[in-house]
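Convention: sequence-line order gives letters A, B, ...; per-chain numbering from 1. All values reported here derive from a predicted model rather than from experimental measurement.
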There are 2 protein chains.
Amino acid sequence: MGPNVDRRPPVMADVARLAGVSHQTVSRVLNDHPNVRAETRTRVMRAIDQLGYRRNLVARALVTKHSRTLGVVSFDTTLYGPASTVYGIEQAARDAGYFVSIVSLRTIDRAGVNDAIGYLAEQGVDGIVVVAPQRSAARALDDLPAGMPAVAVEGWHQGDVSVVSVDQVEGARLATSHLLELGHETVWHVSGPADWLEAEGRIEGWRAVLTAAGRPIPGTLTGDWSPRSGYQAGKQLAAMAGDVTAVFVANDQMALGLLRAFTEEGVKVPEQISIVGFDDIPESEFFSPPLTTIRQDFGAVGRRSIDVLLRQIESGEPLPHERLVVPPQFVFRGSTAAR
Amino acid sequence: MGPNVDRRPPVMADVARLAGVSHQTVSRVLNDHPNVRAETRTRVMRAIDQLGYRRNLVARALVTKHSRTLGVVSFDTTLYGPASTVYGIEQAARDAGYFVSIVSLRTIDRAGVNDAIGYLAEQGVDGIVVVAPQRSAARALDDLPAGMPAVAVEGWHQGDVSVVSVDQVEGARLATSHLLELGHETVWHVSGPADWLEAEGRIEGWRAVLTAAGRPIPGTLTGDWSPRSGYQAGKQLAAMAGDVTAVFVANDQMALGLLRAFTEEGVKVPEQISIVGFDDIPESEFFSPPLTTIRQDFGAVGRRSIDVLLRQIESGEPLPHERLVVPPQFVFRGSTAAR
DNA sequence: CCGAGTTCTGTTAGCGCTAACATCGGCGGA
DNA sequence: TCCGCCGATGTTAGCGCTAACAGAACTCGG
């Protein structure tokens with residue numbers, strides 16, 4: 001029954017024929033062009049849903065040169081941080097009427113990021129967000145296709161693109177100062193892996209506070225963000241209990257590993273050792289003890305980056321590069337106590 | 001310098017002119033058509049990278065009617081489960097040469113899912129994966145655009161689409177049997193929110209084992225997957241300590257909440273109460289005590305769903321609907337002990 | 001009641017690509 | 001030598017849409 005027996009989906013011309021107008025008028029209705037008579041508009045609308053017509057955005061993109069799609073390149077979107085950032089990006093993009101096409105890299109290196117950007121460019125995205133937490137990845141932004149609007153998240157501040165990030169250095173300062181104020185002689189640090197910008201920023205802030213206070217700077221232990229690596233660091237630190245009274249851990253997952261190692265070794269937190277984490281993942285509040293940590297507002301980072309990117313896209317001109325910094329927030333819980 | 005001073009990116013015709021061939025020959029080279037002389041091919045290739053040409057996949061999609069893009073509709077990709085599933089989907093899709101366009105819903109209801117599917121359809125995706133953990137969302141699959149290949153993940157098994165999911169019922173059976181084998185009289189359950197299919201499946205498996213063993217079936221406590229809701233349930237359960245010796249919690253995050261509540265109330269795990277979680281998030285191994293849980297292979301779910309979807313897309317015909325089930329895996333750790 | 005301006009609607013061209021068909025040259029067999 | 005065939009390349013048309021212009025219909029003041 002009905003005229004739509006063939007399987008081929010209806011096109012604008014079909015709607016036009018049914019409504020007794022030209023396809024251009026249908027186009028006008030769809031694009032809210034002002035100069036369409038109200039009666040014509042409703043006639044077209046009726047035809048549209050009679051046929052179940054949906055416009056073909058591919059054809060539209062071909063002629064307008066705008067796909068209203070944004071590309072996102074990220075790394076391991078299984079982790080809480082990247083996952084939250086990407087979520088924030090997607091929400092903000094969709095609120096602005098854009099789609100999001102995601103490439104999630106297994107390993108992050110310049111070539112991989114470049115490939116991803118290349119694919120996205122072929123696909124006709126209007127702009128690209130690169131969540132580039134590593135030096136090597138951030139550098140890939142240097143050879144973006146000419147004229148492609150882009151923004152880096154958690155990336156490097158030098159180079160040719162705008163960057164949006166949480167102030168890692170400030171976060172580390174907050175954490176370290178807190179421990180010093182509690183009366184600890186110095187603060188140890190379990191850092192993230194080398195080459196990660198966040199890891200570097202946190203080391204920098206930690207060291208800066210210690211230096212300013214004239215405290216000794218212990219050697220850092222290095223983890224890979226995983227609870228297991230924190231556990232291993234915890235074992236080492238536990239062996240030095242007595243010397244160590246305060247630890248700033250570069251993320252909450254590793255802090256959990258430390259907590260576990262300390263429990264096994266009979267080291268009491270916060271009585272013997274105080275711990276501060278970083279991220280404030282949803283679990284942290286329910287660790288034993290609840291974790292004092294630094295909250296990062298990943299949602300805000302996502303939204304700000306889309307703001308910057310859309311401004312670039314919609315201006316059509318290369319804009320001066322911005323560096324937007326989202327402040328971190330100190331969250332006091334039970335894993336830290338006065339010496 | 002060079003011929004490429006204008007800002008407009010080069011098109012196939014530009015390459016053709018430079019290589020001294022027709023644009024069709026360039027197209028043939030790009031698509032690995034066999035009938036191109038080796039020398040011509042290299043000449044074209046040289047022209048391509050001399051100009052920095054990238055093909056326009058939008059134009060290609062318009063004529064081939066295939067965008068090589070898959071749509072994914074999901075819910076709160078901040079959670080470990082959805083995030084991991086989406087990651088698996090994206091990896092599998094890219095390995096197969098497809099892009100992934102994501103819509104991440106804030107709230108999940110039939111209308112929202114429908115809108116999302118509609119947008120994706122306009123955008124010209126070749127197929128859609130709906131991560132539909134709730135009844136209401138799963139139902140939206142009933143009104144997919146005609147002929148659109150689709151697959152549901154963690155969704156309902158009735159209706160018109162293929163479904164890939166972890167066997168929730170079996171997972172719950174594993175957890176509950178384990179506790180019974182340890183000598184517990186019965187097993188309490190902290191379930192996920194109503195309307196969630198996973199929550200229902202876990203209740204079903206739990207209840208089935210208890211019934212089969214002729215044990216009393218305690219009333220369930222209901223959480224919302226968050227650690228906080230687990231914490232609240234834990235407080236209630238702690239008040240009943242003595243009666244309660246074993247709890248099967250519907251996910252690891254809530255189990256963490258229970259652990260915290262029990263610690264606060266002085267209830268020892270596993271000495272007084274045994275706990276089994278569900279998911280095996282990376283943190284679970286480092287809880288105190290390490291959590292006995294049921295592992296879901298989210299990566300496998302993602303891959304299988306892409307398999308099913310691509311088979312549909314590439315056959316071009318509506319295929320019979322499949323129901324693929326990924327087995328869960330029992331992981332024994334320190335939060336359970338013999339009565 | 002006419003012409004100038006304003007709506008509204010239609011016609012044409014073309015986005016960048018691939019499919020389909022046309023053409024051309026060279027090769028082997030009768 | 002000529003024909004037929006096949007491999008390599010070119011030409012043409014058109015995917016579904018919007019931009020740009022052309023034309024029709026309607027307004028309104030003098």
Side-chain angles (χ1 to χ4, degrees), chain A residues 4 6-45 47-48 51-69 121-126 145 316, chain B residues 4 6-45 47-48 51-69 121-126 145 316:
Chain A
N4 193 18
D6 63 331
R7 53 212 348 69
R8 179 184 118 288
V11 298
M12 216 172 244
D14 299 325
V15 176
R17 203 171 313 119
L18 181 60
V21 296
S22 76
H23 63 126
Q24 181 60 265
T25 296
V26 178
S27 170
R28 286 191 184 103
V29 170
L30 252 23
N31 293 306
D32 286 319
H33 189 98
N35 292 347
V36 178
R37 204 154 38 112
E39 192 244 301
T40 309
R41 186 181 301 275
T42 61
R43 198 143 41 90
V44 169
M45 293 302 265
I48 284 175
L51 292 178
Y53 168 77
R54 307 218 64 136
R55 73 168 122 192
N56 180 333
L57 292 182
V58 172
R60 178 196 174 95
L62 181 61
V63 37
T64 61
K65 315 256 191 213
H66 297 296
S67 60
R68 292 196 80 82
T69 298
E122 287 188 346
Q123 212 207 8
V125 297
D126 293 343
Chain B
N4 194 19
D6 62 332
R7 55 216 341 73
R8 178 184 119 289
V11 299
M12 216 173 243
D14 300 324
V15 175
R17 201 171 313 117
L18 182 61
V21 296
S22 75
H23 63 128
Q24 181 61 266
T25 297
V26 177
S27 169
R28 283 195 264 257
V29 169
L30 252 23
N31 293 306
D32 287 319
H33 191 99
N35 293 346
V36 179
R37 206 152 36 110
E39 193 244 300
T40 308
R41 186 181 302 275
T42 63
R43 199 143 39 89
V44 169
M45 293 301 265
I48 283 174
L51 292 178
Y53 169 76
R54 307 218 64 136
R55 73 168 121 191
N56 181 333
L57 292 182
V58 172
R60 177 197 173 92
L62 181 60
V63 37
T64 62
K65 315 254 190 221
H66 298 294
S67 60
R68 293 197 79 82
T69 298
E122 286 187 348
Q123 211 205 10
V125 298
D126 293 344

S.K.: Does a side-chain heavy-atom distance below 4.5 Å link B/Ser27 with B/Met12?
M.R.: yes
S.K.: Using a 4.0 Å heavy-atom cut-off across all strands, classify B/Val21 as base, sugar-phosphate, or nothing.
M.R.: sugar-phosphate
S.K.: In whole Å, what is the span from the CG atom of A/Asp14 to the P atom of D/dC15?
M.R.: 11 Å
S.K.: Using whole Å, what does the distance between atom P of nucleotide D/dG7 and atom CZ of B/Arg41 come to?
M.R.: 15 Å
S.K.: Measure from CD on A/Glu39 to P on D/dC26 and round the result to the nearest Å.
M.R.: 12 Å
S.K.: Donor-acceptor pairs are to be reported for all side-chain atoms of residues 34-42 of chain A against protein atoms at under 3.5 Å, with residues two or more places apart or in another chain.
M.R.:
from, atom 1, to, atom 2, distance (Å)
A/Glu39, OE2, A/Arg43, NE, 3.1
A/Arg41, NH2, A/His33, O, 3.1
A/Thr42, OG1, A/Glu39, O, 2.9

S.K.: List the steps and the verdict of side chain to side chain contact (heavy atoms under 4.5 Å, CB included) for A/Asn31 and A/Arg60.
M.R.: CA-CA 11 Å; A/Asn31 293 306; A/Arg60 178 196 174 95; 2.7 Å; yes
S.K.: Is there a side-chain contact between B/Val15 and B/Arg55 (heavy atoms, below 4.5 Å)?
M.R.: no
S.K.: What integer distance in Å separates B/His33:NE2 from D/dT9:C1'?
M.R.: 10 Å
S.K.: Would you say A/Gln123 and B/Thr69 make side-chain contact, with heavy atoms under 4.5 Å?
M.R.: yes
S.K.: According to a strict under-4.0 Å criterion, is A/Thr25 in side-chain N/O contact with OP1 or OP2 of C/dG10?
M.R.: yes
S.K.: Compare all side-chain heavy atoms of B/Leu30 with those of B/Tyr53 and state whether any distance is below 4.5 angstrom.
M.R.: yes
S.K.: Mind listing the closest non-hydrogen atom pair of B/Ser67 and B/Ala61 along with its distance?
M.R.: CA-CB, 3.9 Å
S.K.: Which is it for B/Arg8 and B/Asp14 under the side chain to side chain contact (heavy atoms under 4.5 Å, CB included) test, yes or no, and what are the steps along the way?
M.R.: CA-CA 11 Å; B/Arg8 178 184 119 289; B/Asp14 300 324; 3.4 Å; yes
S.K.: Base contacts versus sugar-phosphate-only contacts with protein, heavy atoms under 4.0 Å: please encode nucleotides 16-25 of chain D as B, S and - from 5' to 3'.
M.R.: BBBBB-----
S.K.: On the nucleotide D/dT9, are OP1 or OP2 found under 4.0 Å from the side-chain N or O atoms that B/Thr40 carries?
M.R.: yes
S.K.: Give me the bend of the helix from C/dC1-D/dG30 to C/dA30-D/dT1, using the axes of the five pairs at each end, rounded to 10°.
M.R.: 50°
